[in-house]
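Numbered from 1 within each chain, the chains take letters A, B, ... in sequence-line order. Fair warning: this is a prediction, and the values are worked out from it, not measured in the lab.
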Amino acid sequence: MLDPPAALAPARLSNAEIATQLLSLAQLLSTQGENPFKIRAYRRAAEAIKTLPESVDELVRSDADLTQISGIGKGISGALREIVQSGSLRHLETLRSTVSPELAALSEYPRLDPKRVLRIYKKLGISSVAELKAKLEEGAIAEQLGIRMDQHVRQALVESSEILLFDADEIVPGIQRFLVATCGAKRAAVAGDFRRRVDVVRELVFVVEADDFPAVVEKFTRFGGGTEELSADDQRAAFRLSSGLRVTLERGQAAKWGLTLLACTGALGHLEKLEENGHSLEKLAEAREKYATEEAVYRKLGLQYIEPELREGRDEVDRAARHALPSLVTVEAIRGELHAHSTSSDGAHSIEAMAEAARERGYEYLGITDHSQSLKIAGGVSEEDLWKQIRYIDKLNTRLRGIRVLKSAEVDILVDGSLDYPDELLEELDYTVCSIHSKFGLDRKKQTERILRAMDNPHFSFLGHATGRLLLKRNGYEIDLERLIERAKANGCYFEINSSPDRLDLSAEHARQVSEAGIAIAICTDAHSAAELDFIRCGVDQARRAGLAPAAILNCQPLMKVLRLLKRT
DNA sequence: GCCGTTTTCGGCCCGACTGTTTTCAGTCG
């Protein structure tokens with residue numbers, strides 16, 4: 001069937017273009033004092049559209065039911081139809097014509113928060129986005145309005161190509177399916193940072209096997225209703241998705257599949273280490289032998305197979321040559337959870353429900369670590385209530401089967417380094433997780449001394465999220481990890497890898513340092529609901545990148561051993 | 001506006017603390 005003449009058919013819109021209209025509407029509605037939940041609904045819908053493999057434009061034209069997409073109901077579905085059919089949204093155009101010229105101009109940059117921008121305009125005596133950009137470059141925004149404001153403007157003006165590994169996990173299967181089902185690839189394997197399980201992914205790399213690679217590349221430009229092609233030749237092609245993320249397709253052939261996969265998985269440092277050791281991948285590529293799997297490549301090189309998580313160019317090649325690589329921790333090796341919240345503070349489920357969820361996951365024990373009294377916002381537990389909780393858990397344990405609930409708390413490390421409960425109460429707990437939740441602004445020395453002092457309390461068991469970082473959102477506070485490691489070792493304290501997808505704190509690098517000092521690490525989810533116990537896989541990914549074996553992990557040990565290790569007094 | 005239901009309306013974190021952007025917005029979980 002022929003397409004109708006161009007003049008009669010509105011231009012096809014990419015999901016990115018459609019999502020931008022929803023975001024602009026949300027932004028302008030926010031200046032009109034609209035219901036914040038309505039605004040959030042538009043934003044959520046825009047996000048959903050951005051990561052959708054199918055073209056919204058095509059879905060509308062084929063009269064598909066858009067409300068099947070999570071976050072899209074009758075209202076927004078109607079808006080999407082209007083955008084596709086007419087090219088614009090009346091509600092948005094009306095708003096643009098009624099608001100001030102400054103705000104109307106801002107709606108072209110829907111990720112900018114108008115309230116904040118107007119404050120900047122006022123402070124710096126400017127009135128346009130062009131001037132805003134100029135001030136940003138000069139550093140005037142950071143200087144006069146603070147780094148947070150600078151960060152906001154920067155992130156809103158510049159499309160970010162970085163996403164959390166956790167979010168990448170959501171979109172990778174859709175891309176893979178699209179490559180095979182729609183683009184006609186025989187096989188598509190994800191490589192790069194994602195495969196090495198790096199916490200923040202900057203680019204997705206797929207190795208693609210296809211009879212007609214250029215055809216795959218051509219069809220991939222239709223992903224998400226339109227994906228920008230940045231470059232393409234007969235071996236590789238680069239794209240930018242609606243979400244801003246870069247995707248690279250690398251051509252792979254069955255006979256050399258393992259070799260291509262290895263080269264595309266990297267990291268560069270790992271490949272360089274292989275070269276330094278006289279293992280030229282290029283030579284292998286030219287050779288006649290088949291290298292259909294990575295195992296075959298490493299075998300040929302006389303190396304033990306190296307897990308992707310270890311391929312960072314540290315000592316993994318040397319160790320592989322000596323066949324001395326660690327057997328990395330797995331989710332199956334985890335025997336219990338040591339950091340989880342309940343409805344006693346800010347968790348979604350009761351202690352008993354959490355215990356049941358832990359038991360379902362095959363755990364032997366679950367530590368309930370609700371927030372301590374100072375952390376009001378998170379419903380911190382009063383002393384009196386913690387005493388009650390201790391007695392409650394003792395009773396609960398007499399009737400629970402197959403799981404032991406441990407009595408604990410996530411105890412705030414106060415600004416002076418003291419702990420947020422009196423010693424006689426801490427004494428009654430099986431162990432403690434001690435964390436910083438306030439005064440992030442202290443300098444490195446003060447922050448370190450604050451934690452050192454906390455570690456000197458004999459009831460301090462392990463340090464929760466050591467730097468307080470939130471990936472892509474907030475840098476952590478500064479700490480002197482070496483001094484902390486030294487004191488932890490002297491005092492019998494431990495560290496956690498917080499598995500929350502945007503924390504992953506300790507980082508892999510920090511976890512490596514801690515472990516190399518001979519200190520065991522707890523991999524904890526910090527679950528605030530039963531479902532969040534599954535974040536454990538994210539923490540395990542980090543631990544694997546740090547080269548940790550089960551023996552180095554506290555909660556890979558049986559109950560009695562964990563209790564013995566954690567209790568210092 | 002979406003969602004889910006002990007279905008068609010009520011909930012969707014929120015609330016104390018902080019501090020220099022200065023008296024309200026940003027911050028913490």
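Side chain of A:Lys439, nearest nucleotide from B:dG19, B:dT21, B:dC28: B:dG19. Distance from the side chain of A:Ser70 is smallest to B:dC3 among B:dC2, B:dC3, B:dG29.
Note: CD1 (A:Ile377) to C1' (B:dC14) measures 6 Å, nearest angstrom.
Mapped onto DNA chain B by nearest heavy atom, A:Tyr42 and A:Ser438 fall at different nucleotides, with A:Tyr42 at the one closer to the 5' end. Taking the nucleotide of DNA chain B with the nearest heavy atom to each of A:Arg44 and A:Phe37, the more 5' of the two is matched to A:Arg44.
For A:Pro501, the side-chain contact (heavy atoms from CB on, under 4.5 Å) partners two or more places apart in sequence, or in a different chain, are A:Phe166, A:Phe535, A:Cys538. Qualifying salt bridge (charged side-chain N to carboxylate O under 4.0 Å, His left out) partners for A:Glu137, counting only residues two or more places apart in sequence or in other chains: none.
Backbone-only contact: A:Lys74 has heavy atoms under 4.0 Å from sugar-phosphate atoms and none from a base. Using a 4.0 Å heavy-atom criterion, one finds that A:Ile72 contacts the sugar-phosphate atoms exclusively.
Here, B:dT22 and B:dC17 have their C1' atoms 15 Å apart, quoted to the whole Å. Only the C1' atoms considered, B:dC2 is 13 Å distant from B:dT8, to the nearest whole Å.
Ring planes of A:His437 and A:His371: perpendicular class, angle over 60° (limits at 30 and 60°).
Within 3.5 Å, a donor on the side chain of A:Asn35 pairs with an acceptor on the base of B:dG1, or the reverse.
When only modelled atom types and interatomic distance are considered, A:Glu532 and A:Thr525 share no side-chain donor-acceptor pair under 3.5 Å.
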